[in-house]
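What follows is a single structure, written as structure tokens, with notes after it.
Every chain is numbered from 1 and lettered A, B, ... according to where its sequence line falls, protein lines coming before strand lines. Only this structure's heavy atoms are used, side chains among them; waters, hydrogens and symmetry mates stay out.
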There are 2 protein chains.
Amino acid sequence: MKAPATTSIQVIDRLVRLLDALGQQEAPLSLKIVAAETGLHPSTAHRILASLIQHQLVERSEGGLYRLGPHLLTLAARTQRPFDPRREALPVMEWLRSEIGETVNLTLREGDVLVYIERALSQKAMRVEQMIGSRAPLHVTAAGKLFLADEGAMACARYTQHHGLESYTANTITDPARLTACIEEARQRGYAFDDEEAEPGVGCIAVPIRDATGKMVAGLSVSAPIQRRSPAWLPRVIEAGAKLSARLGYQPKDG
Amino acid sequence: MKAPATTSIQVIDRLVRLLDALGQQEAPLSLKIVAAETGLHPSTAHRILASLIQHQLVERSEGGLYRLGPHLLTLAARTQRPFDPRREALPVMEWLRSEIGETVNLTLREGDVLVYIERALSQKAMRVEQMIGSRAPLHVTAAGKLFLADEGAMACARYTQHHGLESYTANTITDPARLTACIEEARQRGYAFDDEEAEPGVGCIAVPIRDATGKMVAGLSVSAPIQRRSPAWLPRVIEAGAKLSARLGYQPKDG
DNA sequence: ACAATACGTTTCACATTATGAAATACGCAA
DNA sequence: TTGCGTATTTCATAATGTGAAACGTATTGT
């Protein structure tokens, strides 16, 4: 269902690069910085940004700096109705955070990467903190593995071929057969782990959030320093995932 | 601060048109429909949509129909942090809805129009229902008038000149002087009305939501059939607006 | 006050790109 | 199998987006 790579339209590639660059920083950015971040000529960046401003996809702060604009909120509000994971998930995430004391993340899948779109942060000084909007390949994250598990071995092989199993740490799974086995295990259990595969010292447990059709539509995960990660959390993490899935009309199959 | 109209880039204009068309309907759309909605040649629409799919701004359903994609959620999650009106506002909106029994709306301003981005719907069979994502000119809406009031008479005159005061009903304000007076009144009161100006039979009361700098960043409004609209709601609407503003760090000035 | 510097904005020639008509492919119903 | 409607691909080319250069603006240093 993915469009072939030959369908690229240069301006669109570029504007997405610009939007992503603006989304990487919380503070508004100057033209010079944006151009450097995107590799575009300043006058080209200026032109595209002006058009994006016209459409409210970008706006400018008082100092003339660029940041993402309100039309994105409007469009997002029209995405995948009636499902809005952030709206439905936050209270449950906050509950889970208060139960276990660690950071809880909500993630979406975008093609070959996992994106963090919401979080409830641990109050501890040393905690794991994924910036909202940040991305990670599916194979190095617990929730990413669950997305692959949801699609099956064929899709997993396709991901491996298409995206590759790049190594991030000594623990990253880079062998396709190992990933397939890991995915299969995640599917049977209904949860998955990240054992310092994305970043040294970081451990993670994730469960799927499913909609009424049974499809996994988001990931709910708990990240912590690996020494603090505890299997005792599992019942609650699973419970939170089940709560959110139920809200989306998911009905577990018996057995 | 608005870019001049000469900075248009055709592909960007077109892709925004496509995204907006997809956002107008809850159900996914076929290529034929999208092309008709946007006035683009089918092959052109197909090409641009393919590029948008590549970037996850659009996705396709199982039947091959097009709908808005997850990257919009990601980008929206990175907009105007730490302020997210929908996240902060929904519980208060639901409280207000339960207090007065009418539909509560959350709106943002995009240039010359007001956009509805969230709502808590009245349970009554006959109610006012603005579709999420729908738009209305500032001058015919209560919250829109407040946005104009927030910027002052000069901005109001600029809006009048730039956008025009198109008539929607017999009640629509089409005289610039009347609008200015109306805006001034709204500013002094701190709330505004829509008296069947956008649509016959529909009445509205709105209050501003302000951030820590005192700037109006969103509108909170109650819409109802005009015969049901009651001034008795005002204390609670004002209270709800104040609650949300407080959450954003707004500090009312004394006097 | 003037010069230098850095960044932002506009102009414009033109190579490249997006476009849309036509051809082809696909799916479904009769 | 045929016909029809929609989707997808191909390709010639007019139009468009591009980026270098010129110009404008603001700030700092002498």
Side-chain angles (χ1 to χ4, degrees), chain A residues 1-22 24-25 27-69 111 158 162, chain B residues 1-22 24-25 27-69 111 158 162:
Chain A
M1 201 73 68
K2 179 178 302 214
T6 53
T7 53
S8 188
I9 292 181
Q10 186 176 234
V11 191
I12 296 178
D13 296 341
R14 288 176 163 193
L15 80 82
V16 170
R17 219 184 309 170
L18 284 164
L19 293 176
D20 287 340
L22 294 177
Q24 288 303 310
Q25 310 287 343
L29 302 180
S30 70
L31 176 69
K32 190 73 189 284
I33 298 292
V34 176
E37 291 280 332
T38 54
L40 296 176
H41 191 279
S43 68
T44 300
H46 188 262
R47 275 289 309 288
I48 299 176
L49 285 166
S51 186
L52 293 174
I53 285 168
Q54 200 174 9
H55 294 291
Q56 305 281 335
L57 294 172
V58 168
E59 66 184 2
R60 299 185 81 168
S61 66
E62 286 71 22
L65 304 182
Y66 297 95
R67 65 188 175 207
L68 297 176
R158 243 182 280 129
H162 186 252
Chain B
M1 202 73 70
K2 178 178 299 213
T6 52
T7 53
S8 188
I9 292 181
Q10 185 176 236
V11 190
I12 295 178
D13 295 341
R14 291 177 160 189
L15 81 81
V16 170
R17 217 183 313 167
L18 284 164
L19 293 176
D20 287 340
L22 293 178
Q24 288 303 309
Q25 308 289 339
L29 302 179
S30 68
L31 176 69
K32 190 75 189 284
I33 298 292
V34 177
E37 292 279 332
T38 54
L40 296 177
H41 190 278
S43 68
T44 301
H46 187 262
R47 276 286 310 288
I48 298 175
L49 286 166
S51 186
L52 293 173
I53 285 168
Q54 202 173 9
H55 295 291
Q56 306 280 332
L57 293 173
V58 168
E59 67 184 0
R60 300 187 78 169
S61 66
E62 285 72 24
L65 304 183
Y66 297 95
R67 65 190 174 206
L68 297 177
R158 244 182 281 127
H162 184 251

Spacing of [X] atom [atom1] relative to [N] atom [atom2], expressed in whole Å:
X      : N       : atom1 : atom2 : answer
I48(B) : dT16(D) : CD1   : P     : 12 Å
I12(B) : dA18(C) : CD1   : C1'   : 13 Å
L52(B) : dA18(C) : CG    : P     : 13 Å
L15(A) : dT18(D) : CG    : P     : 10 Å
Q54(A) : dT9(C)  : CD    : P     : 15 Å
I33(B) : dT6(D)  : CD1   : C1'   : 11 Å
L18(A) : dT18(D) : CG    : P     : 10 Å
H46(A) : dT25(D) : NE2   : C1'   : 12 Å

(message) To the nearest 0.5 Å, what is the distance between CG on L18(A) and OG1 on T38(A)?
(response) 5.0 Å
(message) Pick the closest DNA chain C nucleotide for S43(A) and for H41(B) by heavy atoms, then say which residue is nearer the 5' end.
(response) S43(A)
(message) On DNA chain C, compare the nucleotides closest to K32(A) and I9(A); which residue's is nearer the 5' end?
(response) K32(A)
Picking from [options], which would you name as closest to the side chain of [X]?
X      : options                   : value
Q10(B) : dT10(C), dT8(D), dG17(D)  : dG17(D)
T44(A) : dT19(C), dT18(D), dT10(C) : dT18(D)
Y66(B) : dT9(C), dA18(C), dT8(D)   : dT8(D)
R60(A) : dT9(C), dG19(D), dT6(D)   : dT9(C)

(request) Evaluate the side-chain proximity of Y66(A) to I53(A): yes if any heavy-atom separation is below 4.5 Å, no if none is. (result) yes
(request) Using a 4.5 Å cut-off on heavy atoms from C-beta on, say whether the side chain of Q54(B) contacts that of I12(A). (result) no
(message) Any base atoms under 4.0 Å from L40(A), or only sugar-phosphate, or nothing? Heavy atoms, all strands.
(response) nothing
(request) Identify whether any heavy atom of L31(A) sits under 4.0 Å from a base atom; if not, whether one sits that close to sugar-phosphate; answer base, sugar-phosphate or nothing. (result) base
(request) Examine dG20(C): is either OP1 or OP2 under 4.0 Å from a nitrogen or oxygen in the side chain of R47(B)? Give yes or no. (result) no
(request) Test P28(B) against every option in L68(B), L22(B), L65(B) by the side chain to side chain contact (heavy atoms under 4.5 Å, CB included) rule and name the one that passes. (result) L65(B)
(message) Looking at H55(A) and L57(A), would you say the former's side chain and the latter's main chain have a donor-acceptor pair under 3.5 Å?
(response) no
